[in-house]
Amino acid sequence: CLCCVLSSGPGFSIYLAPREELAYVTCTYRETCTNQPDFLATVDLNPRSPYYCQVIHRLPMPNLKDELHSSGWSAGCVCFDNITTKRNKLILPCLISSRIYVVDVGSQCRAPKLCKMIEPVDVFWKCNKGHLSIVHSLPNGDILIANMGDPAGNGKGGFIVLDGETFELKGNWENECEAPPTGYDFWYQPRHNVLISSAGLVPKRAGRGFNPDDLKKGVFGRRLNVWNLSCRTLTQCFDLGEDSLPLSVKFLHNPDAAEGYVSCALSGIIYRFYKACCEANTWSVEEAIQIPAKEVSGWILCKMPAFTADMVISLDDKYLYLSNWLHGDIRQYDISKTCKPRLVGQVFVGGSILRGGPVTVCRDEELKCQPEPLVIKCKRVYGGPCKMQLSLDGKRLYVTNSFYSTWDKQFYPNVVREGSVMLQIDVDTEKGGLTVNKNFLVDFGKEPNGPCLAHSIRFPCGDSTSDILA
């Protein structure tokens, strides 16, 4: 639970809470040639524990090839007059099977157990939805889950709703006629009565892997959607460019701030969205960051985009973090001036452009030479940084390196063969700066049933991507 909320500057607050001691990490065996169910790993993060950096518990799911992807708490909308948030249930939607698992982490936090399962047929028949992605709880306590497609894998955006107490499937959130062509992530601000969602991609096409022939064919999304939160209606759509692939969406944590960011994975552009007119409740977007593509040889295209797979904003709204899955770096931006983010930290933890690999960088607007491979505790780290989670005090950034099993197998086959990792990046919260912690490594290549792929990270004490202040 959260200890307290303190003022930290004009207009917003931050949490003070105990240091994170556990992490729940979603792990999948899909595409690894290991015929085992996905599982939820419990990782010990307490430096004083004899099991530090180790998986201390594994909760296997009852089915195969679900592709556990994202995770979210059953309670995450925090009001200032009721700041104690109980994180007793973790919701695990499945990207491929479209199942939903509800896990009890409150009874035994170090040994979670499965307490409910919603089968795909229920999601298909009741909602005509599938390929479930991001989870947040709503102000009324219900749980909202974004989806990427319909049951057949065609592109279809929108959301499904679970009852916040019984976890029964209630149906679709939005009106059927207003479902966007595709969907993936979302975030909302109750004080501004707005929810903003990103586009994602078409599951059955992208599920075969990244194919350059799919470019300019509508497989990769291009829209940013603005919703009226209370009426559940689509009010505005922004076209961010063909094949821009908007993925991660984050509002500032300040509940009064009417602005945030969306990262576009294939264009390398991060847009700032903001309320342009309070009276009309209209929103605008502007380019805030552009990470240039690198001209390369030995890769699938002659230009490698900055594939920004994830984005995190610190609870004090001081820093924004980006994971660049293809290039291999994590970036820290000072967003004190929200319209002009300033790069203050960068560290490479893998990627496709490492020295000695198959890819040669022919022209690079940022780097003078290709980065060196990363080795931690005698293990070579393959793959690129993907899903991130930031401690409440902003001093420790945790990262995994699996994006999506099919794309992992295509771009980083060594990750599929040897398993992914979880790393810790130490953060300079005063001046900015990132450093890889060489004493921290969770090696998912050493799992009892064989190497697996790790993705989403959650802390039971609270994290920087769960709670939405109301």
Side-chain angles (χ1 to χ4, degrees), residues 72 76-77 129 133-140 142-149 155-161 172-201 218 220-267 269-289 308 311 313 317 320 335 338-339 341 465 468-470:
C77 187
K129 300 283 185 65
S133 54
I134 307 300
V135 184
H136 287 299
S137 65
L138 290 168
N140 67 357
D142 285 345
I143 298 156
L144 197 62
I145 305 176
N147 64 280
M148 294 173 60
K156 185 176 184 179
F159 312 89
I160 66 172
V161 184
N172 289 323
W173 180 76
E174 78 288 348
N175 297 322
E176 180 66 22
C177 61
E178 299 197 12
T182 53
Y184 181 72
D185 193 11
F186 70 98
W187 197 270
Y188 64 87
Q189 278 284 32
R191 292 190 183 183
H192 297 281
N193 191 33
V194 65
L195 182 149
I196 294 185
S197 65
S198 63
L201 35 74
F220 308 107
R222 58 191 296 170
R223 287 177 33 160
L224 186 68
N225 304 300
V226 181
W227 303 80
N228 182 302
L229 182 61
S230 59
C231 297
R232 299 178 291 178
T233 55
L234 191 60
T235 59
Q236 285 180 270
C237 296
F238 295 100
D239 189 334
L240 302 183
E242 191 169 47
D243 297 322
S244 54
L245 189 52
L247 287 182
S248 185
V249 175
K250 297 291 185 293
F251 269 101
L252 297 183
H253 293 283
N254 175 3
D256 288 325
E259 60 182 317
Y261 300 91
V262 55
S263 63
C264 295
L266 288 179
S267 69
I269 299 175
I270 288 77
Y271 289 94
R272 170 180 170 258
F273 54 81
Y274 59 96
K275 183 181 283 190
C277 178
C278 293
E279 290 77 13
N281 197 27
T282 56
W283 294 73
S284 295
V285 297
E286 65 179 11
E287 184 177 315
I289 300 168
T308 49
M311 179 173 58
I313 296 176
D317 289 339
L320 178 147
I335 54 171
T338 55
C339 59
T465 63
I468 296 174
L469 298 178

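The figures that follow rest on heavy atoms only: side chains count, while hydrogens, waters and symmetry mates do not.
- Under the 4.5 Å side-chain criterion, counting only non-hydrogen atoms from C-beta, Leu138 is not in contact with Phe159.
- The one candidate from Phe238, Phe251, Trp187 that meets the ring pair (Phe, Tyr, Trp, His ring centres under 6.0 Å) condition with Phe273 is Phe251.
- Not a single donor-acceptor pair under 3.5 Å links the side chain of Gln236 to the backbone N or O of Ser284.
- Using a cutoff of 4.0 Å between basic side-chain nitrogens and carboxylate oxygens, Glu174 and Lys129 are scored as salt-bridged.
- For the pair Asp185 (side chain) and Ile134 (backbone), a donor-acceptor distance under 3.5 Å is absent.
- Between Tyr274 and Cys339, the closest side-chain pair of non-hydrogen atoms is not below 4.5 Å.
- Side chains of Leu320 and Met311 form a contact here, defined as non-hydrogen atoms less than 4.5 Å apart.
- Considering Trp283, Phe186, Trp173, Tyr188 in turn, Trp173 is the only one that fulfils the ring pair (Phe, Tyr, Trp, His ring centres under 6.0 Å) rule with Trp227.
- Under a 3.5 Å cut-off, the side chain of Thr282 and the backbone N or O of Ala276 do not form any donor-acceptor pair.
- Ile313 places a side-chain heavy atom less than 4.5 Å from the side chain of Leu252.
- When side chains are defined from C-beta on, Asn281 counts as touching Lys275, because their heavy atoms get closer than 4.5 Å.
- The closest donor-acceptor contact from the side chain of Asn228 to the backbone of Thr233 lies at 3.5 Å or more, if one exists at all.
- Judged by distance alone, the side chain of His136 and the main-chain N or O of Ile145 form no donor-acceptor pair under 3.5 Å.
- Here the side chain of Asn172 pairs no donor or acceptor atom with the backbone of Gly158 at under 3.5 angstrom.
- With a 4.5 Å cut-off on side-chain heavy atoms, Tyr184 and Met148 count as touching.
- You'll find the side chain of Leu144 stays beyond 4.5 Å of the side chain of Val135, heavy atoms only.
- Not a single donor-acceptor pair under 3.5 Å links the side chain of Asn225 to the backbone N or O of Leu234.
- For the pair Ser248 (side chain) and Ser263 (backbone), a donor-acceptor distance under 3.5 Å is absent.
- Not one N or O on the side chain of Ser198 forms a donor-acceptor pair closer than 3.5 Å with the backbone of Val249.
- Residues Thr182 and Arg222 fail the side-chain proximity criterion, which asks for heavy atoms closer than 4.5 Å.
- Once rounded to the nearest 0.5 Å, the distance linking CG of Leu229 with CD1 of Ile196 reads 11.0 Å.
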